[in-house]
Amino acid sequence: MRWLVGWSSTAAGRARMPGLSPSTLHPVGGQELWGGDDPLWAVGDWRPDEVRVVDAGSGTRLAVVGCCGARDAELRAGLLAARGGALRQLTAWPGSYTAVVRIGRRVAVTTDLAGARPVFHTPFAGGTAYATAALTLADLVEAQLDVDHLAALLAAPDAPEALGDSTPYTGVHRVPPGHALILREGGSREVTGYEPAVPTVVAALPVDADEAVGGVRDALVEAVRVRLAAPRHVPATAFDAHDTFGDGDGARGTSDDGAQAGPYGNGRRPHDGRDPGPVPGMGPGERRTRRGGTAPGLGADLSGGAASATLALLAAGLPGIPGTVAGAPGTAAGQRLLAVTFNDLTATDEATRTGELERARAVADDPRLHHVVVPGAEEALPYAGLHDVFGLPLPDEPGPSLVDLARHRLRLASASADQLTGYGARQVLDAHPARLADLLLDRRRRHLLRPAAALAVAEGAPRGRSVLVPLAVYRAARRLARTSQRDGVLTAARRLRERDIAVYDTNGEPGGALHASLAALAWCRPGPAARWMTGEALAEVSVRLEAAALRASGAPGGRPGVARARDALARQATDYRVLEQIAAATGQRLHAPFLDNQVVRAARALPEALRVRPGARAAVLRTVLAGAGVAELPPGWGATSHTAQTHAVRRGLRTHADDLLALFDDSYLVRAGLVDARVVRGALHSAVQGDELPLDGIAELVSAELWLKRLMERRGTTWTGSVAPRRRAVSRGVPSRPLAVSP
């Protein structure tokens, strides 16, 4: 794991904490970027090219940490602009990074637009401490667990009104995406947005669709180009110079495309000192997996989906050296991009599984792509290897990636040191159903016809009822357009109190897509895990929603589609960050170009009428590839199917039912009064017996319980020094509350 951490303290605060300095209190394993009264550290396995510091003299400095494509001259120009208050320029460079600028005693820290690079802050030493990881701040101030935040995270995960700026740790706050934290003289703290104001109720200026798609193409190409231009890194767990891929008897292993693998390495032994040696029948990928290492260079996911395939083809087609699959780094033997496809051997729908695999192979039919298929059976099902979480780094908060950990780690173990992923493409490019209300606000009713007709087809409605589907969609969109945000949030609070929680399994039963879309046409709604929670916990979340509605009662109304799409993107970015923290191997980097600032900005310029068209995301990505010189794509490219994932989840529940039931024998969620263990165990028993219950919400519940157990068994702290905290975060455990069972 990697993070930034620093503080800005006042003279009075330092007087209350004698000896407070980087020499007496500092993070374990931290690299000091600058010291003084406002120190800053980079903690973790940062690469040398990922940490850049510009010093303009007179106490004016800029630190850019992460993957940033700006040149040194651009960094200096950005520092001068930030000195004048133009923080937005620090967020306009390609890549994914965090920028920290110090001008005298004024410190500013920027987040990204999506939320994949968050910033947290907490009062400390009369001033403010900030970090890109909430856990290190919780250790610094010895914070306790915020049970109310966990309740809001389960009951309304997509509603920022319920979550606010809180985190799972009491007193540690989060800076919203698209904002910057500004600290002045240690005592003044301000959170301000750096994006220009946009119209809320009235329509924005018309944008040409072709020009907007061209902007997305240029931004995405530049995002991939930045990763290609970065220095190549050989993982420390790679083979040494005397090792050879192969069977040990002189034969060489082959990959999916039949290419031969050869020797490469960096002259170092694996970090754990273990070497399986030449094993007959073991190929390159298997030996690398046994050693726990990844292939050097740049690779990409190639699952057959449109987003991952676009990134793989862009990286393979752009000038530069994608990676070094075979041969020493810098030689011509391995200048191909490693494309990894996961093959689920447990899928019951053989046609769907074969179709996705064939599409991936057709896309990988490129001379600059090296295709590797990673098979996975029951050991890679969802909910497999739940206890493996206890040997991994602790993320800041729970996420669905915890229940799919075995599948992610199996796929990434055969990937590259730098791996391109398509996470966030759906939320960045697709239209949230609530955008239909925005079209009505703009008096563009005719643009509702095509998405409504597509929902009728997805539902499979008979000819007589197909006319009613557009009417139902129009009514729901008109109702949302005429509802203020305050009233929408109050309605969600009332639904939580009354346990009016509708869950639609969009991948299970026919008609689920229509019902889920109609339910999404709301300012705010309960999450699927709310049906497992106690009445007391739901009542507390409803109080948070009502308080947020009253605070926003005097604010001008916004556009519901824009707000809901922004919230969905922030939730996806948070889930991706959890995956990044727990699934990546040592020294491995996951890259999500769709979450970069420049890509998000370009996608926000897409006209809403273009977004709501059926198949809009695939059409935009086709245009992106056509502009990059890729015109021929395999049949069925861009088709989306979640049936296989639904079957995998149900089979994972049945296969690992004993582990799941044992997980809630002694549950921290039950101790905290958030869920009723009897209800949860009854639902798990029903799912194991094959009942067609909606599965939405179970993953969130299991991941929250796993995260709590991992948090409670954690030892040690992230700080050291003579004035370091004596206790770790949440050292006193989960507070117990009486269990309230609703009628």
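We use all heavy atoms of the structure for the numbers below, so side chains are in, but hydrogens, waters and symmetry mates are not.
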How would you list, by chain and number, every residue that makes a side-chain hydrogen bond (donor to acceptor under 3.5 Å, both in side chains) with [X], sequence neighbours excluded?
| X | value |
| --- | --- |
| His408 | Arg411 |
| Thr421 | none |
| Asp665 | Arg681 |

Please enumerate all residues that pass salt bridge (charged side-chain N to carboxylate O under 4.0 Å, His left out) together with [X], with sequence neighbours excluded.
| X | answer |
| --- | --- |
| Arg622 | none |
| Arg611 | none |
| Arg613 | none |
| Asp658 | none |

Exercise answer: donor-acceptor pairs, residues 588-596 side-chain atoms, under 3.5 Å, sequence neighbours excluded:
residue	atom	partner	partner atom	Å
Gln588	OE1	Ala585	N	3.0
Gln588	NE2	Leu412	O	3.2
Gln588	NE2	Ser416	O	2.8
Arg589	NE	Glu50	OE1	3.4
Arg589	NE	Glu50	OE2	2.9
Arg589	NH2	Asp45	O	2.5
Arg589	NH2	Glu50	OE1	3.1
His591	ND1	Arg227	NE	3.3
His591	NE2	Asp418	OD2	2.8
Asp596	OD1	Arg227	NH2	3.2
Asp596	OD2	Arg227	NH1	2.5
Asp596	OD2	Arg227	NH2	3.4

Exercise. According to the side chain to side chain donor-acceptor pair (under 3.5 Å) rule, which pairs have a member within residues 698-708, sequence neighbours left out?
Worked result: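 Sorted result for residues 698-708: Ser667-Glu705, Glu705-Lys709.
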N/O donor to acceptor pairs below 3.5 angstrom from side-chain atoms of residues 377-386, sequence neighbours left out:
residue	atom	partner	partner atom	Å
Glu378	OE2	Arg651	NH2	3.4
Glu379	OE2	Ala377	N	3.3

Exercise. For Tyr576, what residues pass the ring pair (Phe, Tyr, Trp, His ring centres under 6.0 Å) criterion, not counting sequence neighbours?
Worked result: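 Once residues adjacent in sequence are excluded, the partners of Tyr576 under the ring pair (Phe, Tyr, Trp, His ring centres under 6.0 Å) criterion are Tyr423.
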Problem set entry | Partner residues of Ala230 under the side-chain contact (heavy atoms from CB on, under 4.5 Å) criterion, sequence neighbours left out | none
